[in-house]
Engineer: 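My questions all concern the structure below.
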There are 2 protein chains.
Amino acid sequence: MQNTEEVLRTKKIKVTPQRMAVYSVLRDTRSHPNVEMIYKKLKPNYPAMSLATVYKTVDVLKKVGLIQELNVGEGGLRYDAFVEPHSHAYCESCSRVDDVESIPIEKIQDNNLFKKVREETGFTVNATQIFFYGFCPECQEKIEENV
Amino acid sequence: MQNTEEVLRTKKIKVTPQRMAVYSVLRDTRSHPNVEMIYKKLKPNYPAMSLATVYKTVDVLKKVGLIQELNVGEGGLRYDAFVEPHSHAYCESCSRVDDVESIPIEKIQDNNLFKKVREETGFTVNATQIFFYGFCPECQEKIEENV
DNA sequence: ATTTCTGCAAATGCTTTGCATTGCA
DNA sequence: TGCAATGCAAAGCATTTGCAGAAAT
């Protein structure tokens, strides 16, 4: 995997320790953290890091396409450095977000879905976002225990 | 179509003018308004109507299943009285939200998609939300004019 | 040297809350 | 009448902004 510094440089944005740190956190996890979670994770190693900087940084990373922003309803905005098209499962109990890779969005696109949407609505479509809402394995267990 | 008052009564919630008004607005439009839009629409006829009441009302209507809440990213929370499963197209320029009915979610469910998600992630899935992001016909024209 | 980023604090804006009053059942 | 909903103002929270100092190119 290309190192974080190189990746940022490729995108022609200034390379700062804060940006490397935020992007590294996102590259190293599959947990789709929100800004607060990123901040908490970084604080021990970067005591001077400001929450506002995390906000500004995810914004920059999003704009250059290094990360994607997920709007998961009550769970707020989450960030994901895995930018290949894929869908997500959201746990309505603990707000956990998992990747779903077995339903590849490319396949849906291949099925002429974008074209179909265009025919119906006149919209030109660039992207799609698919969410599955339900309960993660851990929360299912908890719910069963409480019966 | 059943009248608004009857529908509310069926759901065993208190029938008030404010609730009827909010629900009527949502039944009469396909524009997926947010709270602010609902409020503005009602203000001329209900000058005493408070924004807080609109917030509380959409919450109640959502809980009894009369409307659904759509989380459309930057456009915030939108409300829709059309609760049959369907997907949505979101205009990244003007925030307009259109229904997409030609891609029925039932069909996706029939394709064992929920089962597939469960096999991959362990999540039990109750619902899905599909968004198409792009530009609506009007905004496409505007963009072309400015070239 | 210049431009951009960071960190702080203040400001913003959307949403929620508390509570006295009103209104539905 | 009793309980729930409304409307107002205040509070709450996540996010954004302005700006002086710091850092990257």
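Just so it is clear, the model here is predicted, and its values are computed rather than measured.
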Engineer: Think Gln18(B) has a side-chain N or O under 4.0 angstrom from the OP1 or OP2 of dG23(C)?
Structural biologist: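 No, outside the criterion.
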Engineer: Can you list everything that forms a salt bridge (charged side-chain N to carboxylate O under 4.0 Å, His left out) with Lys14(A)? Sequence neighbours excluded, please.
Structural biologist: none
Engineer: Sequence neighbours excluded, which residues qualify as salt bridge (charged side-chain N to carboxylate O under 4.0 Å, His left out) partners of Arg96(A)?
Structural biologist: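 By the salt bridge (charged side-chain N to carboxylate O under 4.0 Å, His left out) rule, Arg96(A) matches Asp98(A), Glu138(A).
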Engineer: Check the distance between dT15(C)'s C1' and Tyr79(B)'s OH and give it to me in whole angstrom.
Structural biologist: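 The distance from OH of Tyr79(B) to C1' of dT15(C) comes to 10 Å, rounded to the nearest Å.
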Engineer: Here's a test of your reading of the structure: between Arg9(B) and Glu36(B), which maps to the more 5' nucleotide of DNA chain C?
Structural biologist: Glu36(B)
Engineer: Heavy atoms under 4.0 Å, any strand shown: does Val60(A) hit a base, just sugar-phosphate, or nothing?
Structural biologist: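 Result for Val60(A) = nothing.
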Engineer: Among the candidates dG23(C), dA9(C), dG18(C), find the nucleotide nearest to the side-chain atoms of Ala52(A).
Structural biologist: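 In terms of side-chain proximity for Ala52(A), the closest of dG23(C), dA9(C), dG18(C) is dA9(C).
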Engineer: Choose from dT6(C), dC14(C), dC24(C) the nucleotide whose nearest atom is closest to any side-chain atom of Tyr55(B).
Structural biologist: dC14(C)
Engineer: Using a heavy-atom cut-off of under 4.0 Å over every strand shown, decide if Pro47(A) touches base, sugar-phosphate, or nothing.
Structural biologist: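 Result for Pro47(A) = nothing.
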Engineer: Which two nucleotides bound the region of DNA chain D that has atoms under 4.0 Å from heavy atoms of chain A, read 5' to 3'?
Structural biologist: dA14(D) to dT25(D)
Engineer: Give Val15(B) one of three labels, base, sugar-phosphate or nothing, depending on what nucleic acid heavy atoms sit under 4.0 Å from its own.
Structural biologist: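 Here Val15(B) touches the backbone only, sparing every base.
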Engineer: Just checking Thr16(A): base, sugar-phosphate only, or nothing, at a heavy-atom cut-off of under 4.0 Å?
Structural biologist: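 Contact class for Thr16(A): sugar-phosphate only.
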Engineer: Answer with yes or no whether the side chains of Asn71(B) and Gln129(B) bring together a donor and an acceptor at under 3.5 Å.
Structural biologist: no
